[in-house]
Amino acid sequence: MHIHIYLPDGSVREMPHGSTALEVAKSISEGLARVVLAAEVNGEVWDLSRPLPDKASLKLLKWEDDAGKNTFWHSSAHLLAEALEALYPGVKFGIGPPVENGFYYDIDFGDYAFSSLDFEKVENKMLELAQQAYAYERSEVSKADAIAYFEQKGDPYKIELLQDLEDGKITFYRQGNFTDLCRGPHIPDTGRIKAVKLLNTAGAYWRGNEKNKQLTRIYGITFPNSKELKEYLFMLEEAKKRDHRKLGKELELFTFSEKVGMGLPLWLPKGALLREKLENFMRKAQIKAGYQQVVTPHIGSKDLYVTSGHWEKYGKDSFKPILTPHEGEEYLLKPMNCPHHCEIYKSKPRSYRDLPVRLAEFGTVYRYEMSGELHGLTRVRGFTQDDAHLFCRHDQVKEEFKKVIDLVLYTFNALGFTDYTAQISLRDPENREKYIGTDEAWEKAESAIIEAAAEKGLKTVTELGEAAFYGPKLDFMVRDALGRKWQLGTIQVDYNLPERFELEYTGSDNQKYRPVMIHRAPFGSMERFIAVLLEHCGGNFPLWLAPEQVAVLPISEKFKDYTQKVSENLINYDIRSFIDDRDEKIGRKIRDAEVKKVPYMLIIGEKEQENGQVAVRKHGQGDLGVMSIDAFVALINEESNKEINKN
RNA sequence: GCCGUUGUAGCUCAGUGGUAGAGCACUUCCUUGGUAAGGAAGAGGUCGACAGUUCAAUUCUGUUCAACGGCUCCA
């Protein structure tokens, strides 16, 4: 009796009945058998030790495959649990899944405060257990037996998990002395794990619910060899160097002050200049796209937000209302610009001929974020949105949506973002009562977004249940230096606010109609965008954005007058520069300008003065030779123009 | 908000139950130097804040504030 196994290259292998994926690997080569971690059997990931069915399509998963890594890390989580059980008898186990970079296990340590000081001990224990090369053994158990096992062991979390599982589909995995409830699959044995590093600990609520007990989550990562671990740790160090909080301080872009308040960034001169450049870029693009700028106050009457529905839904996330001293009127620090813009729309009667009306504002908003949530510039309590609201007719929605996608892509392109994902967020079909608005309106909005994204050729992922309460949306997400995902640009359809504010326009038939509203912000917030941009370019801004474009470096004070002349020339051409006239050697001035990541340096000495030239040095590249001032100005202008207009 | 870690000079960080340290930055002086750190001197700290223990606390204990790593949330 033989079975037939189909391999990814199209070949078919004949194996004895009952053969496992590991045996298939061995039949190909011993080397392969040593590195294979798991098997994908008919699209499902399996242990290597399970007998294969006839006519199975088989893919052998190695470290290089994401599913292989996941299996490896999942097995590592079990190894961590085994080590913990050995070192801290009586600990209770939550869940221990693989994550993007490694794995974690949620542990109830009882009264013991587990901390990073314990890491080394646990790492050593893990390595010791790994060396025993215990096999991961799969067994099927009945629900009653499974519950009995954990009752006897005293693991209440596992019992809670078991309650939700269907009898007959429950499996245990055992390696060494440790048995865990687990769907699997796992790598063949612990011996594959050669390098172990625990990364950090964190509190995590059982099942992610704030009302439940908080467990200690231990994050770790493992590798099949120590070289890869070293490389990973090196990469982590490099990423830390790009952290926007570090670069923001070093490059003097922004700061925080306890006195001003947490989550409230202070923009230093260079950071403010950078923001201004980005705002001007967006303003110009928006004018081309037919937007009009408006300005609205930082506070608005509470009534405004009661009308918009935000008070009811997000009142707890706003700063508490401010009262006027005598009348006791209630005002909110504005958490949103849209209600204000609705009132601007209403300030005069609108005709169908006027639509779409596109109102834009760099609007600063204030939202209460929980203290533990604040994070550099990416999560703050006061921030400026590059906000705009488009009021249009139903038949214009899709077209407007597409134009906004164009604007977002133009922006990302100009700033060098190529690694982003577009997420379409739709309503949760199970929970329709969570949302404001009619089914009909929602269906129209959702199909408009899906069609617009498809026609623009966006690569998208669709998430059910991620929509805002008032409408579906399209978000653009990018990753920061440490791999964390951040939402930047957003486009949202809103059929709700026009209703609540009773917005109208007069149609060609002289009847009144409701416009549709589109909220959109290509940057999202200036703060978050700059944070991500800073990490993206590692502080080496494109020339057109660099707060300081040119450092003018005289070799000695003898060339003071000529240096001054060069500087005036640059100012005349709107090139941002500064003179370093300290009593230092030229090598020192160059070093300091390089560290500050100034794109260009001009070295001014006797030769340059005599010939009316400048010696040009480019950041990160070195000496470009001498040229006339005019030639340098042309070089700068050409480079900036090329950067902005690369679309 | 919750759990854990951290808090010493402008920055990066040593250190101690008995009057506080380094490097860089800063100030002054010397140096006038050609493509990534010239030399010397000086100034700078209520050791996050508030209590407690102690003859004595920056050090030990408690509380609090903030930052960091997560959880939860994100119009």
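Just so it is clear: chains get the letters A, B, ... in the order the sequence lines come, proteins before strands, and each one is counted from 1. What you see below is based on every heavy atom in this structure, not just the backbone, and it leaves out hydrogens, waters and symmetry mates.
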Peer 1: At under 4.0 Å between heavy atoms, what does A/E594 touch on the DNA or RNA strands: base, sugar-phosphate, or nothing?
Peer 2: base

Peer 1: Reckon A/E608 touches a base, only the sugar-phosphate, or nothing at all at heavy-atom distances under 4.0 Å?
Peer 2: base

Peer 1: Please state whether the phosphate of B/rA75, meaning OP1 or OP2, lies under 4.0 angstrom from any side-chain nitrogen or oxygen of A/Y314.
Peer 2: yes

Peer 1: With the side chain of A/R617 defined as its heavy atoms from C-beta on, choose the nearest nucleotide among B/rU35, B/rC73, B/rG69.
Peer 2: B/rU35

Peer 1: If the cut-off is 4.0 Å, is A/K473 near the phosphate of B/rA75, judged by side-chain N/O to OP1 or OP2?
Peer 2: yes

Peer 1: For B/rU12, does either OP1 or OP2 sit under 4.0 Å from a side-chain N or O belonging to A/K249?
Peer 2: yes

Peer 1: Determine the contact category for A/Y104: base if any of its heavy atoms lies under 4.0 Å from a base atom, sugar-phosphate if only primed atoms, P, OP1 or OP2 are that close, otherwise nothing.
Peer 2: nothing

Peer 1: Want to settle it: does A/G605 or A/F114 sit nearer the 5' end of RNA chain B, counting the closest nucleotide to each?
Peer 2: A/F114

Peer 1: Assign A/K560 to base, sugar-phosphate, or nothing according to its heavy-atom contacts below 4.0 angstrom with the strands shown.
Peer 2: nothing

Peer 1: Between A/E610 and A/K607, is the closest basic N to carboxylate O distance under 4.0 Å?
Peer 2: no

Peer 1: Under a 3.5 Å cut-off for both contacts, is B/rA67 paired Watson-Crick or G-U wobble with anything, and if yes, with which nucleotide?
Peer 2: B/rU5

Peer 1: Donor-acceptor check, side chain of A/R217 to backbone of A/Y104, threshold 3.5 angstrom: yes or no?
Peer 2: no

Peer 1: Base, sugar-phosphate or nothing for A/I603? Non-hydrogen atoms, less than 4.0 Å.
Peer 2: base

Peer 1: Given B/rG69, B/rC73, B/rU32, identify the nucleotide with an atom nearest to the side chain of A/S556.
Peer 2: B/rU32

Peer 1: Kindly indicate whether the side chain of A/Y157, heavy atoms from C-beta on, has any atom under 4.5 Å from the side chain of A/I95.
Peer 2: no

Peer 1: Could you tell me whether A/R217 contacts a base, only the sugar-phosphate backbone, or nothing, with contacts defined as non-hydrogen atoms closer than 4.0 Å?
Peer 2: sugar-phosphate

Peer 1: So if I take every side-chain heavy atom of A/E258 and compare against B/rG33, B/rA66, B/rG69, which nucleotide ends up nearest?
Peer 2: B/rA66

Peer 1: Report the base-pairing partner of B/rU27 (Watson-Crick or G-U wobble, both distances below 3.5 angstrom), or none.
Peer 2: B/rA41

Peer 1: Of all the choices, B/rU32, B/rA75, B/rC3, which nucleotide is nearest to the side chain of A/Q214 once you look at every atom?
Peer 2: B/rC3

Peer 1: Looking across every strand, which nucleic acid part, if any, lies under 4.0 Å from A/Y219 by heavy atom: base, sugar-phosphate, or nothing?
Peer 2: sugar-phosphate

Peer 1: Of the listed nucleotides (B/rC68, B/rG4, B/rG34), which one gets closest to any side-chain atom of A/A615?
Peer 2: B/rG34

Peer 1: Answer with base, sugar-phosphate or nothing: what part of the nucleic acid does A/A593 contact at a heavy-atom distance below 4.0 Å?
Peer 2: nothing

Peer 1: Looking only at the side chain of A/R367 (C-beta and beyond, no hydrogens), which of the listed nucleotides B/rG33, B/rG69, B/rA75 gets closest?
Peer 2: B/rA75

Peer 1: With both distances under 3.5 angstrom, what nucleotide forms a Watson-Crick or G-U wobble pair with B/rC50?
Peer 2: B/rG62

Peer 1: Name the closest nucleotide to the A/Q492 side chain, picking from B/rG33, B/rG1, B/rA75.
Peer 2: B/rA75

Peer 1: Applying a 4.0 Å non-hydrogen cut-off, can you work out what A/N209 is touching in the nucleic acid: base, sugar-phosphate, or nothing?
Peer 2: nothing

Peer 1: Using a 4.0 Å heavy-atom cut-off across all strands, classify A/E606 as base, sugar-phosphate, or nothing.
Peer 2: base

Peer 1: Could you work out which one of B/rA36, B/rG34, B/rG33 sits closest to the side chain of A/K585?
Peer 2: B/rG33

Peer 1: Determine the sole option in A/W73, A/Y219, A/F114, A/F93 for which the ring-ring contact (aromatic ring centres under 6.0 Å, His included) test with A/Y105 is passed.
Peer 2: A/F93

Peer 1: Would you find a donor on one side and an acceptor on the other, under 3.5 Å apart, between the side chain of A/Y435 and the backbone of A/D428?
Peer 2: yes

Peer 1: Using heavy-atom distances to pick each residue's nearest nucleotide on RNA chain B, tell me which of A/A202 and A/Y366 is more 5'.
Peer 2: A/A202

Peer 1: Do A/K313's NZ or CZ and the ring of A/Y470 fall within the cation-pi criteria of under 6.0 Å and 45°?
Peer 2: no

Peer 1: NA contact type, A/K607, heavy-atom cut-off 4.0 Å: base, sugar-phosphate, or nothing?
Peer 2: base

Peer 1: Give the nucleotide from the list B/rC73, B/rA36, B/rA75 with an atom nearest to the side chain of A/R379.
Peer 2: B/rC73

Peer 1: Closest to the A/H375 side chain: B/rU35, B/rC3, B/rG69?
Peer 2: B/rG69

Peer 1: If you look at every strand shown and take non-hydrogen atoms under 4.0 Å, does A/G208 touch a base, only sugar-phosphate, or nothing?
Peer 2: sugar-phosphate

Peer 1: Treating A/R245 as the side-chain partner and A/A531 as the backbone partner, does any N or O pair qualify as donor plus acceptor under 3.5 Å?
Peer 2: no

Peer 1: For B/rA56, give the paired nucleotide (Watson-Crick: N1-N3 plus N6-O4 or O6-N4; G-U: N1-O2 and O6-N3; both under 3.5 Å), or none.
Peer 2: none

Peer 1: Show your reasoning for whether side-chain hydrogen bond (donor to acceptor under 3.5 Å, both in side chains) applies to A/Q423 and A/S425.
Peer 2: CA-CA 6 Å; A/Q423 177 181 314; A/S425 300; 3.2 Å; yes

Peer 1: What is the nucleic acid contact for A/E250, judged by heavy atoms within less than 4.0 Å: base, sugar-phosphate only, or nothing?
Peer 2: nothing

Peer 1: Roughly how far apart, to the nearest Å, are B/rU8 and B/rG48 at atom P?
Peer 2: 6 Å

Peer 1: Regarding A/M262, tell me which of base, sugar-phosphate or nothing describes its non-hydrogen contacts under 4.0 Å with the strands shown.
Peer 2: sugar-phosphate

